[in-house]
Amino acid sequence: MATLLGPYEIRGKLGAGAMAVVWRGWDPKLEREVAIKEPMRSPTMSAAMMEELSERFVGEGKAAARLSHPGIVTIFAAGVFDGRAAIVMELLRGQTLSSVIDGRALSPAATASIIDQLLDALDYAHTMGVVHRDIKPDNVFVTDDGRVKLTDFGIAHVKRLDGGSDGIIAGTPGYMAPEQIRAEAVDGRADLFGLGAIAYEMLVGRNPFGATDGADTHSIMYRTTNGPAVEFDPADGIPAEVGGIVLRALERDRDARWSSAGEMRAAFHAAAPALLWGGAAPVAGAVDAGDHPFSSSSVHTTLDALRGGVPKRSSVSWSLGAAAAVAGVLLGVLALLLGPNTGDIGLLVLIASGVGGIVWWMARKKAKPSQDAAREPDLFGMLVDNEAAGEETVQLRLRSPTGERLLRVALPCVIGRSSDAQLDVEDDLVSRRHAMLERRGDCIWVSDLGSRNGTFVDGAPVGTGAPFQPGSAVTVGSTEIRQAD
């Protein structure tokens with residue numbers, strides 16, 4: 001029997017974050033697939049908290065439903081169905097911009113197209129009186145055909161007809177404008193600040209305020225409001241015309257920024273040749289319509305290349321190891337075919353096999369330096385038995401959409417999705433350096449390291465830090481972490 005949510009049929013889970021889950025659904029009335037988003041329910045939340053969360057979800061849907069633009073996700077319905085708040089929207093196929101970037105600078109063509117599409121969508125939204133207020137790579141979706149969709153208007157600021165405003169002061173450190181951090185009134189220029197941070201990240205592969213480098217939330221917010229002015233490193237090779245546009249969007253004083261998304265877009269169009277061709281005018285006929293900087297096909301080609309590009313970890317070492325292993329096998333077969341007088345070839349086989357083994361071992365160490373602190377458990381979920389002498393360790397139970405596992409880690413422990421995180425959770429929603437567990441006084445403390453999606457304890461954001469008590473659940477991305485018994 002099909003699972004229903006109101007009139008919609010639930011056909012599986014598309015994904016889950018710290019605060020929401022998205023289902024693949026079916027609309028029987030219009031006979032089409034849809035995506036259904038509903039808030040993540042936590043047993044620790046009170047009824048009042050759940051009611052407030054439901055109201056925010058419905059508000060998000062209504063704010064986005066006011067908008068009809070190819071660069072903004074289409075909302076079909078928003079409300080409470082069978083007692084559950086949900087937003088029904090178009091089903092997108094692709095990946096978030098944060099997954100596309102993932103610590104890498106994008107190609108000039110992809111960067112130009114994404115910036116242009118986002119500015120077009122923001123210009124429209126601002127004209128309709130809606131300010132997003134949480135512009136970040138995780139709220140930008142790049143479809144398989146290269147089109148950009150702006151999502152998650154959960155904290156959108158909507159102008160009222162009486163001239164007042166409604167909304168919740170919120171945002172994501174690293175992309176929040178200074179006025180948001182200071183809890184001041186916001187307008188469309190706050191979104192342009194967030195877009196400037198995204199543009200910077202696409203151009204050089206890192207956030208200008210340290211949000212992708214594992215900085216803590218306080219440091220990120222201080223850099224945004226009081227740190228040195230953002231600049232491009234000359235080694236990044238960003239043309240001055242393009243860099244100037246991005247840096248103007250990142251001005252602390254909103255009056256010094258672009259006055260509107262339309263104004264910024266016009267300036268970017270004029271400077272696009274500098275981004276794409278290094279300042280030189282393109283040769284006539286050299287760029288056809290499919291390679292135009294603002295065409296979706298150019299982004300699609302770039303995304304295909306990224307998907308099949310260089311692996312994230314130790315690609316050279318793995319390639320050498322594989323090559324040495326293959327060479328060893330081939331030489332071994334050759335030695336067998338040539339008969340008994342193959343001493344030299346046998347020696348070469350031993351050398352090649354040894355080199356292959358050494359390179360493979362080094363690649364494993366480089367790709368997973370955390371193995372000494374927290375090795376992967378076996379298929380039965382056995383706890384690791386490699387407690388480091390003189391270090392405090394803690395047993396953790398990790399539960400993710402792919403399964404559950406038990407392990408032991410030494411404190412302090414960096415949680416993330418990278419080669420330098422002691423606890424690598426292999427979760428696409430987790431930043432490379434996401435959160436930290438450490439001993440503070442009588443309890444274990446969890447701190448956010450400037451993650452994009454946030455770190456939560458029992459459904460509440462940790463902010464500058466929170467105690468991690470037995471029985472509590474730390475949520476990073478779609479992974480839940482508890483202290484094991």
Side-chain angles (χ1 to χ4, degrees), residues 18 98 102-103 206-207 210-220 311-314 317-318 361-378 381-457 462 464-470 472-485:
S98 60
D102 202 17
R206 63 182 182 276
N207 179 269
T212 55
D213 300 326
D216 62 84
T217 301
H218 261 307
S219 297
I220 295 171
K312 297 174 187 175
R313 295 180 183 161
S314 309
S317 297
W318 280 108
W361 177 81
M362 292 177 64
R364 290 281 296 177
K365 291 291 287 183
K366 184 176 181 181
K368 286 277 191 180
S370 59
Q371 297 296 328
D372 290 339
R375 290 196 301 267
E376 293 290 337
D378 62 22
M382 298 294 290
L383 286 172
V384 297
D385 57 355
N386 56 335
E387 295 186 24
E391 293 183 316
E392 179 183 5
T393 61
V394 60
Q395 296 177 177
L396 300 177
R397 182 185 302 275
L398 275 65
R399 181 179 299 167
S400 68
T402 59
E404 184 174 308
R405 60 191 177 115
L406 295 171
L407 49 78
R408 184 184 297 276
V409 298
L411 298 180
C413 172
V414 173
I415 303 170
R417 183 176 55 85
S418 67
S419 59
D420 61 348
Q422 287 92 332
L423 177 52
D424 188 337
V425 298
E426 300 293 344
D427 186 329
D428 287 341
L429 295 175
V430 170
S431 302
R432 286 174 292 158
R433 289 172 58 85
H434 195 101
M436 173 179 285
L437 295 179
E438 59 186 330
R439 167 65 65 181
R440 290 192 186 181
D442 296 332
C443 69
I444 298 174
W445 198 260
V446 57
S447 303
D448 186 80
L449 296 179
S451 64
R452 289 195 180 104
N453 281 314
T455 304
F456 300 82
V457 174
V462 302
T464 58
F468 179 29
Q469 306 285 4
S472 295
V474 174
T475 305
V476 292
S478 57
T479 299
E480 179 187 271
I481 302 173
R482 293 180 182 270
Q483 294 189 50
D485 298 330

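Computed from a prediction, not measured in an experiment: that's the story for all the values here. Index from 1, following the sequence.
For Ala421 against Gly416, the heavy-atom pair with the smallest separation is CB-N, 3.7 Å. Counting all heavy atoms, side chain and backbone alike, Met436 lies closest to Pro412 at SD-CB, 4.5 Å. What you find for Val457 and Pro467 is that their closest heavy atoms are CG1-O, 4.0 Å. For the pair Arg206 and Thr212, the tightest heavy-atom approach, listed with the atom from each and the gap, is CA-OG1, 3.5 Å. Heavy atoms only, all atoms of each residue included: Ala435 and Thr455 are closest at CB-OG1, 3.6 Å. Nearest heavy atom pair, residue Gln483 against residue Gln469, reads NE2-C, 3.6 Å.
The side chain to side chain donor-acceptor pair (under 3.5 Å) with Arg417 is formed by just one residue from the set Thr479, Asp102, Asp424; it is Asp102. The side chain to side chain contact (heavy atoms under 4.5 Å, CB included) test with Leu407 singles out one residue from Leu396, Thr393, Val394, and that residue is Leu396.
Between the CG atom of Leu406 and the CZ atom of Arg399 there is a distance of 10.5 Å, given to the nearest 0.5 Å. Atoms CD1 and CG, from Ile415 and Leu449 in turn, are 8.5 Å apart once rounded to the nearest 0.5 Å. Rounded to the nearest 0.5 Å, atoms CD1 (Ile481) and OG (Ser472) are 12.5 Å apart. Residue Leu437 holds its CG atom at 10.0 Å from CD of Gln422, rounded to the nearest 0.5 Å. Put simply, CZ on Arg397 and CZ on Arg482 are 9.5 Å apart, with the number rounded to the nearest 0.5 Å.
Judged by distance alone, the side chain of Glu438 and the main-chain N or O of Ser447 form no donor-acceptor pair under 3.5 Å. A distance-only check finds a donor-acceptor pair linking the side chain of Asp427 to the backbone of Ser478 [under 3.5 Å].
Looking at Leu398 and Glu404, their side chains never come closer than 4.5 Å, going by heavy atoms from C-beta outward. In this structure the side chain of Val476 reaches within 4.5 angstrom of the side chain of His434, judged on heavy atoms. Side-chain contact between Asp213 and Asn207 is absent, with no heavy-atom pair separated by less than 4.5 Å.
Scanning for salt bridge (Lys or Arg N to Asp or Glu O under 4.0 Å) contacts around Arg432 gives an empty result, with sequence neighbours left out.
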